[in-house]
**Student:** 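Submitted below is the structure of interest, expressed as structure tokens.
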2 protein chains.
Amino acid sequence: MGAVRQGSLRELNLAVVLGRIAAAERPPSRADLAAETGLTRATVSAVVEDLITGRLVTEAEPAPRAGAGRPARGLVLAGDGPAGLGLEVNVDYLAACVVDLAGRVRHHTVHRADLRPLSPADALTRLVALAVRARTDAAAQGLPLAGAALAVPGLVDDAGTVRLAPNLGWRDVPVPALLAGHAPLTERVDGVPPLVVDNEANLAALGELHAGPAAPASFLHITGEVGIGAGIVLDGALFRGTRGWSGEIGHIPVRPEGRPCRCGGRGCLERYAGQEAILAAAGLAEADLPADTAATRLAELAEAGSTAALDALHEAGTALGVAVAAVVNLLDLDTVVLGGGYAPLAPWLRPPVLAEISRRVLTAAWSPVTVRPAALGADAAVVGAAGSVVRRIIAWPSGWLARAA
Amino acid sequence: MGAVRQGSLRELNLAVVLGRIAAAERPPSRADLAAETGLTRATVSAVVEDLITGRLVTEAEPAPRAGAGRPARGLVLAGDGPAGLGLEVNVDYLAACVVDLAGRVRHHTVHRADLRPLSPADALTRLVALAVRARTDAAAQGLPLAGAALAVPGLVDDAGTVRLAPNLGWRDVPVPALLAGHAPLTERVDGVPPLVVDNEANLAALGELHAGPAAPASFLHITGEVGIGAGIVLDGALFRGTRGWSGEIGHIPVRPEGRPCRCGGRGCLERYAGQEAILAAAGLAEADLPADTAATRLAELAEAGSTAALDALHEAGTALGVAVAAVVNLLDLDTVVLGGGYAPLAPWLRPPVLAEISRRVLTAAWSPVTVRPAALGADAAVVGAAGSVVRRIIAWPSGWLARAA
DNA sequence: CGCAAATAATTCAATCGCTGAACAAATAGC
DNA sequence: GCTATTTGTTCAGCGATTGAATTATTTGCG
């Protein structure tokens, strides 16, 4: 916590009030906010006025009806306020989307193509084309973009360099430098780079947090694709680790005397619950399926009662459960979200995961652990990326207000 | 983050300034603090005056010498300010200590006795005797006690009830209720209970954080005793999990097809790197050694070149390394501290732990993980308990100042 | 030795944002 | 149409920070 200057007071209260408006189930009145926060109605009015003139908040016309007295005017996040641009590079598709302050997806494009043969520079050039279309669409809807975030299936350092994205074949790719020619993804505003690069699993977890007001404050979001990544959300904020490389769950040993893994260990989770492992166990050659349909195909087979598929899923679920139990023991989380390719497979993965948790988590007897599929599907990472931009504005509105003024 | 009222400004700045004084390497001057925090020298002077009249800070007479100009007056945490009382119940000893604001241990008593035959009530009665002596000693030194914390080798819920302490044989022990007759451990002040009960591993980790200014902001502290517990410190704060039950590292599977464990799983870490497992592997019957000397005995044997001991330690270190690698992958930590019974064994445990980390942690190649023994020895938990009390004051001085006024 | 330069800390009027109470606005119920 | 009730705004007052000026204390230099 930095020092609190005179002006910080208003900055902090702008964040507090806007945060309450964003988190509220129904549009709160100024009086509600005053009661909730402990601030005076006078102060709340002044703060709200700043937020309204800054186009972050609008008054909801159909005010919620009460008993007697002057009717309250509900406050909601502005639909025409700043929006976030989300981008994603993945193994077999590119995606872009625009999410407004209220969390609505206002634009969404997916471009399917095998990215592996392309150089990183070429892939990014194609991505810029998508970004430009998204920008144009946003402008047509009167939405100013406040920033962008790019989701990548790999490890990203603070500078935005992709250190390693195995399934993409990327290694030490300096994304910001490669985008240098493509303003306005590169103009730095207020010290915030206009494009943040982050791990796909992290951003997908943020997407889940953003998807509904019912999201718990702390949970583990597991993205099951070729690799297995986890996004850790603690108290409503993404936990990134010392260098931003948290969530590497794929190499927790679940059968240490088991199959060798490319990481050098043995019996890693990825070798038992990764997409390739499940497909192989189910008797499906991986090569003839595009990655995005593999999970749905498996779900169809399981639905149809295929013994091979059911056995493969049970096996994978058990391995996943061993790893999840370890994480729950370590972090004492009460919710686990199955995302990415696991989402459609949740009906079959859930039982063995729960079984392992109740076997191995000492505290599960006192307070049960919830395991549920992700609310967002395969779009979680892009939507989460765009959401992370608007979320930053909600968490610190004075930055945007100063820029807009 | 709650709303910020007018008066919160000063409260926040008191915390900011006191925090800087506590964290500084050498006594900072008011001017230093102003430069660091961005506050005006005028404001810092006012804030510091509050801290000095509240007996939290004093001026260090031998001011650090500079070039020219009026010499600065260094500010340090007051040695005669509020102190914390730390208590510990463990399998074969009770302990109490008093730590002052500056982190110095001003009192320390250990009472050795096998606690397992005693009822929880009897054990706590003996503990109160220690606490009373510590109080008297503190009073004799002019130290007002600001609160107490009790370390227990088990799971504790929010109300202070020990839900399960297997090695102590405790189950659902309502510690605050059992201490009800023993004021002043029970009078609630400012909404803060005078006695906080917490897990031993958590408090030991806090002790490590408190032990030196060189402690990293985020680390994993592993307490190896009969069970294996971990304290997770993230950004200088203990991470407790949703219900305060984080850090159960003992049941991470390291040999899943291996030995059955009392938790119901197989091949848990505890069965390979727990004290009993190491002693058995080294050919030492456990029964004939008091728990506190087992580790030193092992260290002696290893020092003397005993093959059995060296092999046992290598085996345990490898198992520990597998689990630690999993945690490091998940949380992206850069420091692991070997505490409790592991501290004296660190020379032999470190190499296999590091080997497993470099094998299994993908990112270890870019930035190495430090593994080191704990700075505090077996006293870490008591000292950490007392430290947690003074730490709370440093984090929120206005609470103490209001009480003292 | 005396004086200028430099750095530390304090004083004080000005200012910014919150507070609390009074007031205006708008509606339901009688 | 009147009253009770609740919402939202206005305004004087106040607390905390600010910034410039002032005082305090030492080093360096002639």
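Computed from a predicted structure; not experimentally measured. Only heavy atoms go into these numbers, but all of them, side chains included; no hydrogens, no water, no symmetry mates. In what follows, chains are A, B, ... by sequence order, proteins preceding strands, each numbered from 1.
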**Student:** Considering all heavy atoms of both residues, which atom of A:Gly160 and which atom of A:Pro176 are nearest to each other, and what is their separation?
**Tutor:** O-CD, 3.4 Å
**Student:** Report the residues that fulfil side-chain hydrogen bond (donor to acceptor under 3.5 Å, both in side chains) with A:Arg10, sequence neighbours left out, ordered by chain and then residue number.
**Tutor:** A:Asp50
**Student:** In the 5'-to-3' direction, what one-character label does each nucleotide of nucleotides 9-17 of chain D receive under the scheme B = base within less than 4.0 Å of a protein heavy atom, S = sugar-phosphate only, - = no such atom?
**Tutor:** BB----BBB
**Student:** Could you tell me whether the phosphate oxygens of D:dT6, OP1 or OP2, come under 4.0 Å of any side-chain nitrogen or oxygen in A:Ser29?
**Tutor:** no
**Student:** Tell me whether the count of non-hydrogen atoms from other residues, nucleotides or ligands lying under 6.0 Å of CZ in B:Arg106 goes above 12.
**Tutor:** yes
**Student:** Using whole Å, report how far CD of B:Glu11 lies from P of C:dC18.
**Tutor:** 15 Å
**Student:** Can you tell me if CZ on A:Arg243 sees more than 12 non-hydrogen neighbours from other groups inside 6.0 Å?
**Tutor:** yes
**Student:** May I ask you to check whether over 12 heavy atoms, not counting those of B:Glu49, lie within 6.0 Å of atom CD?
**Tutor:** no
